[in-house]
Structures are given as C-alpha cells and as structure tokens.
Amino acid sequence: KAGVTQTPRYLIKTRGQQVTLSCSPISGHRSVSWYQQTPGQGLQFLFEYFSETQRNKGNFPGRFSGRQFSNSRSEMNVSTLELGDSALYLCASSLMTGYEKLFFGSGTQLSVL
Amino acid sequence: QQQVKQSPQSLIVQKGGISIINCAYENTAFDYFPWYQQFPGKGPALLIAIRPDVSEKKEGRFTISFNKSAKQFSLHIMDSQPGDSATYFCAAISRDDKIIFGKGTRLHILP
C-alpha cells in the first residue's frame with residue numbers, strides 16, 4: 001500500500017505570494033489533517049478534513065485554508081505569505097476521524113523569501 | 001493554551017544504554033498519549049501510545065510509563081541502538097479531539 005504522498009517536496013516563494021500544497025492519503029483513509037513544523041514551535045495542528053468537510057481547526061490565521069476532494073485528496077493553501085510561514089508542512093491521514101493513528105507524509109518544505 | 005512540555009531537548013546515549021524522554025501535560029481532558037519518531041527528511045511515524053487507565057505499555061524495546069496523578073509520561077528505549085538516533089515527539093489528544101505535541105527531543109546514540 002502506498003503511503004501518504006505530499007507534493008511538491010520543496011517550494012520557494014516570496015512574501016505576499018500564495019501557495020497550494022497537495023496531499024494524497026493512504027488508499028481507504030478518509031481523514032486528512034495538516035500540521036506546521038518549525039524548529040521554534042515544533043509541530044502544530046492546522047486543520048482536519050473528513051468527507052470533504054473541515055472537522056477541526058487549529059489556532060492559525062485565516063490565511064491558512066484547506067479543502068478535501070471526494071477522493072479524500074486534500075490541498076492546503078496559504079495566502080499573502082509571510083517570512084514566518086517558512087516551515088515544513090506535514091499532512092497525515094487516518095482511516096476515520098481523530099488523531100489516534102496518524103500516518104504522516106514526508107512533508108513540503110516551504111521557504112518564504 | 002494547553003501545553004505538553006517535553007524534556008530534554010537533546011540527549012546523547014551510549015549504544016546499549018537506556019534512553020529516557022519525559023513529557024508533562026496540564027489538562028486532564030487529555031486521554032490518549034502517543035509517541036512519534038522522526039528521521040531527517042521524513043514525516044513522524046507512530047511508535048507507541050498509551051491511555052491513562054494503564055501505567056505502563058511495552059512494545060519491544062520501547063516502553064511508555066504513565067503517571068496519571070503527576071500528569072507525566074515518559075518513553076524508555078532499552079538497549080538503545082545507533083538506528084534509534086532520531087527526533088522523538090510526545091503528543092496528547094483530548095476527548096474533544098484536540099492534539100498537542102511536545103517540542104521534540106533529538107536523540108543521538110553513540111556507536
């Protein structure tokens with residue numbers, strides 16, 4: 001079974017631009033959650049999607065948004081990029097809702113210049 | 001803000017030794033405590049997890065010890081090997097489905 005796939009692997013953007021990251025979950029997994037990982041703040045929960053609906057949201061500004069498609073694939077969008085948005089963005093999938101058994105992708109490393 | 005405090009930030013252990021990483025939480029609403037292992041360039045991978053109704057859980061060389069009254073839990077890696085060198089994260093999940101991670105411990109096992 002293929003694991004969680006995130007694309008692109010690396011991304012370089014400039015301040016003010018917007019970016020879209022993609023996540024394909026493990027086949028059969030219906031929940032996708034997103035996380036931001038930085039050296040200073042560690043791993044922080046962004047949001048979770050299940051059956052195309054946002055089920056849960058972390059404490060991030062509205063510039064961070066996401067969606068999930070009917071095939072469970074998910075995208076995350078960050079608008080008006082700031083330098084502080086530079087981070088590794090990880091998505092994780094699980095069979096059902098919740099966070100007890102998460103399978104993470106390798107992440108997208110976003111650098112904002 | 002709910003927090004999970006993880007220590008130490010970094011740890012060096014001799015091969016064959018015991019690695020111990022500690023986490024402490026504040027909110028009694030947490031009811032599931034997983035540990036994740038992350039290698040450079042990879043996402044975290046679930047290692048072992050525990051619920052607060054048990055005091056210890058063991059899987060191979062990995063053991064979680066849980067102290068409900070102290071609101072602390074720890075990961076013990078017995079017979080530590082160079083291949084265990086990675087960053088380890090504890091996490092806490094609440095009954096209302098919030099997940100909080102510790103800030104991670106960078107473990108290095110000396111050969």
Side-chain angles (χ1 to χ4, degrees), chain A residues 2-10 21-26 29 31-50 53-60 74 76 87-110, chain B residues 1-10 21-25 27 29-54 57 59 64 66 73 75 86-107:
Chain A
V4 177
T5 304
Q6 289 188 249
T7 56
R9 189 73 180 88
Y10 301 95
L21 313 181
S22 180
C23 174
S24 293
I26 291 172
H29 284 196
S31 171
V32 173
S33 50
W34 288 88
Y35 304 82
Q36 183 194 65
Q37 185 174 23
T38 59
Q41 297 300 317
L43 267 164
Q44 293 183 282
F45 170 78
L46 279 155
F47 28 65
E48 181 198 1
Y49 285 87
F50 180 81
T53 302
Q54 188 180 85
R55 184 180 165 269
N56 213 345
K57 191 178 189 318
N59 194 23
F60 278 82
S74 177
M76 187 192 113
L88 179 67
Y89 290 89
L90 293 158
C91 89
S93 74
S94 60
L95 268 171
M96 297 300 290
T97 60
Y99 316 107
E100 292 193 1
K101 203 158 189 176
L102 297 174
F103 294 83
F104 282 87
S106 294
T108 294
Q109 184 68 53
L110 172 66
Chain B
Q1 169 106 21
Q2 299 172 354
Q3 283 192 17
V4 175
K5 294 181 181 177
Q6 184 171 343
S7 62
Q9 276 189 306
S10 61
I21 304 170
N22 301 297
C23 283
Y25 62 99
N27 194 325
F30 291 133
D31 68 351
Y32 193 73
F33 302 88
W35 284 90
Y36 284 86
Q37 179 190 56
Q38 185 177 27
F39 293 106
K42 300 290 186 185
L46 180 63
L47 202 55
I48 187 172
I50 197 168
R51 294 195 185 280
D53 52 348
V54 298
K57 183 174 180 181
E59 288 184 5
I64 299 179
F66 191 88
F73 58 110
L75 175 70
T87 300
Y88 292 81
F89 294 93
C90 63
I93 300 168
S94 65
R95 289 180 215 105
D96 63 346
D97 265 349
K98 305 297 181 196
I99 180 167
I100 308 289
F101 290 89
K103 293 203 172 178
T105 296
R106 193 170 288 182
L107 174 65

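Note on naming: letters A, B, ... go to the chains in the order of the sequence lines (proteins, then strands), and numbering restarts at 1 for each one. Reckoned from all heavy atoms, side chains included, excluding hydrogens, waters and symmetry mates.
- Annotation for B:Leu46 and A:Lys101: closest pair CD2-CG, 4.1 Å, computed over non-hydrogen atoms.
- Put simply, the residue from A:Phe45, A:Tyr35, A:Tyr99 that forms a ring-ring contact (aromatic ring centres under 6.0 Å, His included) with B:Phe101 is A:Tyr35.
- Contact annotation for B:Arg106: neither backbone nor side-chain heavy atoms come within less than 4.5 Å of a heavy atom of chain A.
- More than 12 heavy atoms of other shown residues, nucleotides or ligands fall within 6.0 angstrom of atom CD in B:Glu59.
- Heavy-atom neighbours of B:Lys42 NZ from other residues, nucleotides or ligands within 6.0 Å: at or below the threshold of 12.
- Between B:Gly41 and A:Ser106, the closest heavy-atom pair is O-CB, 3.8 Å.
- When atom types are taken as modelled, the side chain of A:Asn56 and the backbone of B:Asp97 share a donor-acceptor pair closer than 3.5 angstrom.
- Contact annotation for B:Gln38: only side-chain heavy atoms (C-beta onward) come within less than 4.5 Å of a heavy atom of chain A.
- For the residue pair B:Phe89 and A:Gln37, the shortest heavy atom distance occurs at CZ-NE2, 3.1 Å.
- If you measure heavy-atom distances from B:Ile93 to chain A, the contacts under 4.5 Å come from the side chain alone.
- Interatomic distance, A:Thr38 OG1 to B:Lys103 NZ, rounded to the nearest 0.5 Å: 8.0 Å.
- Between A:Leu43 and B:Pro44, the shortest heavy-atom contact is CD1-CG, 4.1 Å.
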